[in-house]
Amino acid sequence: MKVRFEWLGDTYFYYPDAMIACDPTDTGNGWRERPAAIFEIISEERRRVDEREKRALYLQLPSLLYYARIEQDRPELAIERRSAGWGSERISGLDAMLALHLTLPLAELYERPV
């Protein structure tokens, strides 16, 4: 599923690795415009695109509450959360917990421990 958005008169589509969309009226054909959370799996080949280009555009989405970048080769993620502004935190270790509106053990994100 794609994320669709307008920025400076242009339309962009990106394929995040996962997203949470809570708005039942956000019913585009193969895309969502108002995701609440976006997750990207970071590889060294795509790191620059995910951490710069996609991040800059995703953080402009008014509906977005969380943007998480999950490391591919180790149990670690960086998450940005919107409250009064954007704040960030880094979570690491298989025993660490990712808390959104739910709690998710990082071990559940990895098929096999590294």
Side-chain angles (χ1 to χ4, degrees):
M1 173 98 23
K2 296 179 273 193
V3 174
R4 178 185 184 271
F5 53 97
E6 304 280 328
W7 180 250
L8 300 175
D10 292 322
T11 301
Y12 294 86
F13 290 93
Y14 282 116
Y15 286 94
D17 291 306
M19 77 173 121
I20 299 171
C22 302
D23 184 342
T25 65
D26 189 9
T27 58
N29 187 15
W31 70 78
R32 295 292 177 260
E33 295 179 316
R34 295 181 296 280
I38 293 177
F39 302 87
E40 293 286 1
I41 308 299
I42 302 296
S43 66
E44 288 308 313
E45 296 81 26
R46 301 288 300 165
R47 180 177 300 279
R48 189 181 65 76
V49 171
D50 290 336
E51 290 183 346
R52 290 183 177 175
E53 179 182 326
K54 286 183 173 183
R55 178 187 174 275
L57 292 170
Y58 287 158
L59 296 185
Q60 300 301 315
L61 293 168
S63 64
L64 195 68
L65 300 174
Y66 306 102
Y67 177 45
R69 295 178 311 278
I70 303 166
E71 293 295 335
Q72 180 179 24
D73 59 353
R74 64 185 180 275
E76 181 177 321
L77 68 84
I79 184 163
E80 297 188 62
R81 302 167 188 269
R82 183 191 309 250
S83 55
W86 285 101
S88 63
E89 101 182 83
R90 190 162 291 278
I91 303 168
S92 62
L94 290 174
D95 58 337
M97 301 296 277
L98 170 61
L100 303 173
H101 285 87
L102 56 101
T103 301
L104 179 65
L106 256 55
E108 295 295 319
L109 298 176
Y110 292 85
E111 183 177 341
R112 57 189 176 275
V114 287

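Just so it is clear, the structure is predicted and the values come from calculations on it, not from any experiment. Index from 1, following the sequence.
With sequence neighbours excluded, the residues satisfying side-chain hydrogen bond (donor to acceptor under 3.5 Å, both in side chains) with E80 are R55, R69. Applying the ring pair (Phe, Tyr, Trp, His ring centres under 6.0 Å) criterion to F39, with sequence neighbours excluded, gives no partner residue. Y15 is linked by a ring pair (Phe, Tyr, Trp, His ring centres under 6.0 Å) to nothing, counting only residues two or more places apart in sequence or in another chain.
L94 and I42 fall into different hydrophobic clusters, where Ile, Leu, Val, Met, Phe, Trp and Tyr residues are linked whenever their side-chain heavy atoms come under 4.5 Å apart, directly or through other members.
Going from atom CG of D73 over to atom CD1 of I41 covers 11.5 Å, rounded to the nearest 0.5 Å. Here the CG atom belonging to L98 is positioned 5.5 Å from the CG atom belonging to L77, to the nearest 0.5 angstrom.
Clustering of Ile, Leu, Val, Met, Phe, Trp and Tyr side chains at separations under 4.5 Å places F5 together with M1, V3, W7, L8, Y12, Y14, M19, I38, L57, Y58, L59, L61, L64, Y67, W86. Grouped by direct or indirect side-chain proximity (heavy atoms under 4.5 Å, Ile/Leu/Val/Met/Phe/Trp/Tyr only), W31 sits with F13.
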Q.
Show, in sequence, the C-alpha distance, side-chain angles and deciding distance for I20 and L65, and conclude whether the side-chain contact (heavy atoms from CB on, under 4.5 Å) test is met.
A. CA-CA 10 Å; I20 299 171; L65 300 174; over 6 Å; no
(Q) Could you go through R46 and E53, starting from their C-alpha distance and side-chain angles, then the distance that decides it, and tell me whether this counts as salt bridge (charged side-chain N to carboxylate O under 4.0 Å, His left out)? (A) CA-CA 10 Å; R46 301 288 300 165; E53 179 182 326; over 6 Å; no
Q: Given side-chain contact (heavy atoms from CB on, under 4.5 Å), test R32 with D23 step by step and report yes or no.
A: CA-CA 9 Å; R32 295 292 177 260; D23 184 342; over 6 Å; no
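Between E40 and the choices K54, R52, R47, the salt bridge (charged side-chain N to carboxylate O under 4.0 Å, His left out) rule is met once, by K54.
In terms of heavy atoms, P35 sits closest to S63 at O-OG, 2.7 Å.
Among residue pairs with one or both ends in residues 5-17, those qualifying as salt bridge (Lys or Arg N to Asp or Glu O under 4.0 Å) are R4-E6; sequence neighbours excluded.
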